[in-house]
2 protein chains.
Amino acid sequence: MPTHGRVTPDATDRGAKAQAEGFATVRQAHESEMAEDYVELIAELIELQGEARPVDIAERLGVKPPTVTKNISRLKDAGLVSRERYRAIFLTPAGQKLAEACRRRHRIVVAFLLSLGIDEDTAERDAEGIEHHVSENTLEAFERATSRFEKKC
Amino acid sequence: MPTHGRVTPDATDRGAKAQAEGFATVRQAHESEMAEDYVELIAELIELQGEARPVDIAERLGVKPPTVTKNISRLKDAGLVSRERYRAIFLTPAGQKLAEACRRRHRIVVAFLLSLGIDEDTAERDAEGIEHHVSENTLEAFERATSRFEKKC
DNA sequence: CACCTATGTTAGCCTTGTCTAACTTTTAGG
DNA sequence: CCTAAAAGTTAGACAAGGCTAACATAGGTG
Ligand SMILES: [Mn+2]
Ligand SMILES: [Mn+2]
Ligand SMILES: [Mn+2]
Ligand SMILES: [Mn+2]
């Protein structure tokens with residue numbers, strides 16, 4: 001018996017265990033966030049300009065070039081990216097697969113926010129963070145709700 | 001003229017500047033996340049048990065006690081928390097105000113996800129991360145949509 | 001083809017948030 | 001009132017992801 005039989009307090013308590021799992025899930029999401037944002041952006045740049053250059057990655061991420069160098073080398077260690085010094089960056093098959101999943105998720109989240117009547121700038125801004133915390137379950141709910149809304153429910 | 005007059009490529013490009021601002025916003029949100037989660041939890045524990053003890057904070061956050069000690073001292077430096085060594089933790093007026101805002105936001109996000117048909121566990125889990133990336137704008141849209149859905153639209 | 005400028009990398013620093021191991025203080029039972 | 005267990009703190013390590021300053025390379029232009 002948790003909290004030794006209290007008289008049902010005000011705040012709803014899901015239990016310490018469940019709450020701890022929630023926070024752990026958030027911490028895990030943040031661990032993969034850098035990789036996800038990078039591969040997604042690299043895929044976009046390749047589509048947009050034929051190649052992904054550190055200079056462009058840095059500009060679009062809003063970070064300085066040395067940060068990109070360091071993080072790209074982490075992605076290379078993780079097998080998501082292939083590249084030779086001073087050359088453009090490419091995605092490995094694993095990187096392409098991850099990028100595709102991330103772009104899909106990003107698109108779904110943005111479309112959903114837009115369908116709620118949120119302006120495009122805000123939708124993109126919020127989606128950039130939200131995307132990493134959306135379970136597959138929730139993502140599907142977003143998809144369903146988007147079409148429902150679009151049929152001006 | 002950005003990208004020197006291309007022939008409208010496949011991927012939609014919001015411009016490097018806007019994209020960088022989005023990522024900067026996410027980084028900022030992550031900077032305040034620790035403080036937000038702690039004061040929210042401290043407020044919950046005070047309501048639930050009359051006081052907030054490090055041991056309970058650690059358990060519910062899923063971290064070890066020394067982590068809590070260190071972070072609480074950061075919150076104290078930030079003026080959000082007041083406490084004496086070995087004693088329970090309390091919120092300053094600033095801390096209470098922040099906690100109240102965070103709890104409201106958390107509740108709105110959870111209610112919204114539930115209204116979408118998501119199960120409670122998933123809703124709580126996803127909300128714990130999403131809450132920090134929801135602009136006031138989006139939060140209001142969530143509120144409106146929740147009532148719309150509850151009237152089984 | 002030599003050189004200047006863009007681009008990229010390296011080295012080294014900082015902050016945040018986590019941990020373990022060891023120590024201290026509080027508190028409850030006998 | 002003493003003492004053992006629970007709770008809390010301190011010290012020190014580590015990884016991630018930022019930064020600046022300084023150096024290295026690649027490539028387009030004169
Ligand atoms: Mn993102
Ligand atoms: Mn949270
Ligand atoms: Mn929360
Ligand atoms: Mn986040």
Side-chain angles (χ1 to χ4, degrees), chain A residues 4 16 20-42 45 49-78 80-90 128-129 132, chain B residues 4 16 20-42 45 49-78 80-90 128-129 132:
Chain A
H4 57 289
E21 272 168 29
F23 286 114
T25 301
V26 174
R27 286 191 296 269
Q28 278 182 291
H30 288 161
E31 273 178 33
S32 9
E33 178 155 354
M34 185 275 285
E36 291 173 357
D37 285 336
Y38 271 70
V39 298
E40 190 180 339
L41 178 54
I42 289 166
L45 285 170
Q49 333 193 308
E51 60 178 17
R53 283 281 173 186
V55 102
D56 298 312
I57 296 175
E59 190 193 9
R60 293 182 115 90
L61 244 26
V63 299
K64 303 295 180 186
T67 300
V68 173
T69 297
K70 190 177 285 190
N71 285 335
I72 291 298
S73 102
R74 287 173 182 157
L75 297 185
K76 194 177 172 185
D77 291 348
L80 294 169
V81 130
S82 85
R83 89 113 141 195
E84 296 153 68
R85 252 199 217 172
Y86 297 102
R87 309 293 312 277
I89 293 144
F90 297 97
E128 199 54 75
H132 307 280
Chain B
H4 57 290
E21 273 168 28
F23 286 114
T25 299
V26 175
R27 285 190 297 267
Q28 279 183 289
H30 287 160
E31 273 178 33
S32 7
E33 179 155 352
M34 185 275 285
E36 292 173 357
D37 285 336
Y38 272 69
V39 298
E40 191 181 337
L41 178 54
I42 289 166
L45 284 170
Q49 331 193 307
E51 60 177 17
R53 284 280 173 187
V55 91
D56 298 313
I57 297 174
E59 189 193 9
R60 291 181 116 89
L61 245 23
V63 299
K64 300 297 179 186
T67 302
V68 173
T69 297
K70 190 176 285 190
N71 285 334
I72 291 297
S73 102
R74 285 171 183 158
L75 296 186
K76 194 178 172 185
D77 291 347
L80 294 169
V81 130
S82 86
R83 91 112 142 193
E84 296 153 67
R85 252 199 218 171
Y86 297 103
R87 308 292 314 276
I89 293 145
F90 296 97
E128 199 54 74
H132 308 280

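Labels below follow one simple rule: chain letters A, B, ... track the order of the sequence lines, proteins then strands, and each chain is numbered from 1.
In C:dA6 the O4'-C1'-N dihedral to the base is within 90° of 0, which defines a syn nucleotide.
Between the two ends of the helix from C:dT7-D:dA24 to C:dG30-D:dC1, each summarised by a five-pair axis, the helix axis turns through 10° (rounded to 10 degrees).
One can place OH of A:Y86 at 13 Å from C1' of C:dA6, the figure rounded to the nearest angstrom. If you take CG of A:D56 and C1' of C:dA6, they are 12 Å apart, rounded to a whole angstrom. Across the protein-nucleic acid pair, B:L75 atom CG and C:dT16 atom C1' stand 13 Å apart, rounded to whole Å. Rounded to a whole Å, the CG atom of B:L61 is 15 Å from the C1' atom of C:dT16. The distance from atom CZ of A:R87 to atom C1' of C:dT7 is 13 Å, rounded to the nearest whole Å. If you take CD of A:E51 and C1' of C:dT7, they are 12 Å apart, rounded to a whole angstrom. For B:H132 and C:dG17, the NE2 to P distance is 12 Å, given to the nearest whole Å.
For A:A20, the side chain to side chain contact (heavy atoms under 4.5 Å, CB included) criterion is met by no residue, not counting sequence neighbours. When the side chain to side chain contact (heavy atoms under 4.5 Å, CB included) test is applied to B:A29, the partners found at least two apart in sequence or on another chain are B:H133. The side chain to side chain contact (heavy atoms under 4.5 Å, CB included) search around B:A58 returns B:P65, B:V68, not counting sequence neighbours. Remark: A:F90 engages A:I46, A:S82, A:A88 in a side chain to side chain contact (heavy atoms under 4.5 Å, CB included) (not counting sequence neighbours). Under the rule for a side-chain hydrogen bond (donor to acceptor under 3.5 Å, both in side chains), the partners of A:R53 that lie at least two apart in sequence or sit in another chain are A:E51. Every residue two or more places apart in sequence or in another chain that forms a side-chain hydrogen bond (donor to acceptor under 3.5 Å, both in side chains) with B:R74 is listed here: B:N71.
For residues 21-41 of chain B, every residue pair satisfying the salt bridge (Lys or Arg N to Asp or Glu O under 4.0 Å) rule, not counting sequence neighbours, is listed here: A:R125-B:E21, B:E36-B:R105.
Separating the CD1 atom in B:I42 from the CZ atom in B:R60 is a distance of 12.5 Å, to the nearest 0.5 Å.
Using a 4.0 Å cutoff to heavy atoms of chain B, the contacted part of DNA chain D runs 5' to 3' from D:dG8 to D:dG18.
Applying the 4.0 Å criterion to OP1 and OP2 of C:dT10, one finds that A:R85 has a side-chain N or O inside that range.
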Quiz prompt | Base versus backbone protein contacts along nucleotides 18-23 of chain C [heavy-atom cut-off under 4.0 Å; B, S, -] | solution = BBBB--
Quiz prompt | Stepwise side-chain contact (heavy atoms from CB on, under 4.5 Å) check, A:Q49 with A:D56 | solution = CA-CA 10 Å; A:Q49 333 193 308; A:D56 298 312; 3.2 Å; yes
Quiz item: What do the steps show when you test A:V63 against B:F23 for side-chain contact (heavy atoms from CB on, under 4.5 Å), and what is the final call?
Solution: CA-CA 9 Å; A:V63 299; B:F23 286 114; over 6 Å; no
Quiz item: A:L45 and A:I89: side-chain contact (heavy atoms from CB on, under 4.5 Å), yes or no, with the steps?
Solution: CA-CA 10 Å; A:L45 285 170; A:I89 293 144; over 6 Å; no
